[in-house]
There are 2 protein chains.
Amino acid sequence: MPSEATANVSPHVRKKRERRRGEILHAALATVRERGYHATTLDDIADRLGIRKTALYHYFPDKDAILYACHRESLSELDRLIHDSAACCASNRERLAYLIREHVRVMTEKLEGSPLAFEVSALSPERRAEVIAGRDRYEHVLRDVVAAGVESGEFRAVEPKIAVFAILGAINWIARWYDPEGGARGTDLGEQFAEFLLQGLVA
Amino acid sequence: MPSEATANVSPHVRKKRERRRGEILHAALATVRERGYHATTLDDIADRLGIRKTALYHYFPDKDAILYACHRESLSELDRLIHDSAACCASNRERLAYLIREHVRVMTEKLEGSPLAFEVSALSPERRAEVIAGRDRYEHVLRDVVAAGVESGEFRAVEPKIAVFAILGAINWIARWYDPEGGARGTDLGEQFAEFLLQGLVA
DNA sequence: TAAAAAAATGAACAAGCGTTCAAATACGCC
DNA sequence: GGCGTATTTGAACGCTTGTTCATTTTTTTA
């Protein structure tokens with residue numbers, strides 16, 4: 001059965017299938033984090049699950065689709081952050097702090113220090129365009145918050161584009177060094193990053 | 001002739017050879033920046049120079065050696081920054097600002113927004129160990145400067161390790177978005193980064 | 001409990017890529 | 001200017017990896 005063709009299957013089978021897809025994505029993320037997408041083989045992913053690589057084709061049409069599904073999950077998390085930050089915060093400063101803190105938390109808790117930010121060019125052209133669009137949406141919200149903060153006097157006169165690149169660089173780099181078993185917990189880390197990066201901006 | 005075996009050749013031939021090696025490294029860096037080390041083929045590198053991939057073996061013993069040589073150049077630049085910053089600066093704050101500014105300048109002017117920071121695990125074990133040691137030296141200098149600044153009261157009570165990871169993340173990410181033809185010049189960028197990251201630290 | 005569906009397997013294939021090698025071409029040098 | 005050296009070439013090889021496919025095994029469902 002093709003990867004997402006779940007029409008006419010029972011809820012039980014659908015659940016089982018979703019669970020397996022989730023396991024594959026989790027195994028893929030762990031290996032991509034360790035050695036990058038191109039150096040990750042389907043054998044590597046399958047080995048983590050105790051199955052043969054040919055079984056993966058029951059759930060995903062090809063290797064690229066696995067990477068793409070990882071990206072979609074990540075982007076959907078970021079979309080959620082955008083949505084929640086619009087509702088929870090009174091000032092631009094507060095909103096940016098929330099976004100930084102929560103982005104760090106997502107990076108460290110849910111997406112295993114997600115290496116996806118480094119693996120966009122590996123996607124096929126159509127999928128890459130979609131992922132870039134999603135990433136750009138998130139980036140633009142960050143820029144808008146920074147620009148609004150400059151305008152309101154909360155932040156000093158920085159270029160939103162540069163500031164946001166620096167912020168995202170600091171956050172994405174967490175994937176390169178964060179050890180879940182290390183001393184820094186994700187929530188503490190998020191606080192430290194928010195404080196550091198916000199203080200870099202305030203007027 | 002093996003890659004670095006230049007005993008008994010004339011200065012002219014040695015110069016020519018060094019120039020060619022530099023061209024190869026430059027072509028390699030450009031392609032690695034575009035698509036990552038694993039997705040970069042020897043054909044890709046050779047194409048940029050108008051030669052066949054088999055000619056590369058005249059200058060480097062293998063593909064890994066090309067990546068390794070790129071790293072060594074990069075590390076030697078960073079060693080120079082360390083040395084110069086020890087001589088030029090009166091305070092920890094000034095020294096850290098210098099290092100950030102100059103690191104950004106090197107990234108944008110000399111090593112084509114160097115993607116090397118992302119490509120360490122691709123090296124063979126021995127070479128990787130050496131490159132990691134070199135990178136750690138640089139990182140430790142940064143940490144020491146931050147720690148000394150905290151101690152002297154120039155910086156607030158941050159964890160040097162976390163702060164330096166955030167700083168390096170912001171800087172290394174430049175390789176992902178910096179466009180040499182874009183608006184931001186490396187020197188301006190270095191100033192902005194130094195200001196932003198320093199202000200994030202001051203007491 | 002048996003038939004149908006889902007999931008997994010092993011074998012095989014095609015393509016790509018790093019590397020080697022002998023030969024040809026270009027350059028250096030006396 | 002000719003011999004020696006440096007550089008490049010095209011062909012070939014071995015290996016890896018993504019993918020396909022027929023078959024087997026396991027699970028689901030009525």
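The sequence lines fix the lettering, A, B, ..., with proteins before strands; numbering per chain opens at 1.
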Does [X] put a side-chain nitrogen or oxygen below 4.0 Å from OP1 or OP2 of [N]?
{"X": "A:His58", "N": "C:dA7", "result": "yes"}
{"X": "A:Arg52", "N": "C:dA7", "result": "no"}
{"X": "A:Arg20", "N": "C:dA8", "result": "yes"}
{"X": "A:Arg14", "N": "C:dA6", "result": "no"}

Just the rounded figure in Å: distance from [atom2] of [N] to [atom1] of [X].
{"X": "A:Asp47", "N": "D:dG18", "atom1": "CG", "atom2": "P", "result": "12 Å"}
{"X": "B:Ile51", "N": "D:dT9", "atom1": "CD1", "atom2": "P", "result": "7 Å"}
{"X": "B:Arg21", "N": "D:dT7", "atom1": "CZ", "atom2": "C1'", "result": "15 Å"}
{"X": "B:Lys15", "N": "D:dA6", "atom1": "NZ", "atom2": "C1'", "result": "18 Å"}
{"X": "A:Asp44", "N": "D:dT17", "atom1": "CG", "atom2": "C1'", "result": "10 Å"}

### Task
Assess whether side-chain hydrogen bond (donor to acceptor under 3.5 Å, both in side chains) is satisfied between B:Ser76 and B:Asp79, documenting all intermediate values.
CA-CA 5 Å; B:Ser76 117; B:Asp79 280 343; over 6 Å; no
### Task
Taking the side chain as every heavy atom from C-beta outward, state whether B:Phe155 and B:Leu96 have any atom pair closer than 4.5 Å.
yes
### Task
Determine the minimum heavy-atom distance between A:Met107 and A:Ile171, stating which atoms define it.
CE-O, 3.4 Å
### Most 5' of A:Ala55 and B:Asp64 on DNA chain C, judged by nearest nucleotide
A:Ala55
### Task
Begin with the C-alpha distance, continue with both residues' side-chain angles, and end with the deciding distance and a verdict on side-chain hydrogen bond (donor to acceptor under 3.5 Å, both in side chains) for A:Asp64 and A:Ser124.
CA-CA 7 Å; A:Asp64 188 71; A:Ser124 62; 3.0 Å; yes
### Message
Can you confirm whether or not the ring centre of B:Tyr138 sits under 6.0 Å from the ring centre of B:His103?
### Response
yes
### Message
Could you check, using the six-membered ring where one of them is a Trp, whether B:Trp173 and A:Phe118 have ring centers closer than 6.0 angstrom?
### Response
yes
### Gap separating the CG atom of A:Leu116 from the CG atom of A:Asn172, nearest 0.5 angstrom
9.5 Å
### Residue A:Tyr59, side-chain heavy atoms: nucleotide from C:dA8, D:dC21, D:dT7 that is nearest
C:dA8
Between N or O atoms, less than 3.5 Å apart, protein on one side and nucleotides 14-18 of chain C on the other: list the pairs.
residue	atom	partner	partner atom	Å
C:dG18	OP1	B:Lys63	NZ	2.9
C:dG18	OP2	B:Leu42	N	2.9
C:dG18	N7	B:Lys53	NZ	3.1

### Task
Would you verify whether the NZ or CZ of B:Arg128 falls within 45 degrees of the ring axis of B:Tyr68 while also being under 6.0 Å from that six-membered ring's centre?
no
Tabulated below should be each protein N or O lying under 3.5 Å from an N or O of nucleotides 26-28 of chain C; please produce it.
residue	atom	partner	partner atom	Å
C:dC27	O3'	B:Lys16	NZ	3.2
C:dG28	OP1	B:His12	NE2	2.6

### Query
Any donor-acceptor pair under 3.5 Å linking the side chain of A:Glu191 with the backbone of A:Arg101?
no
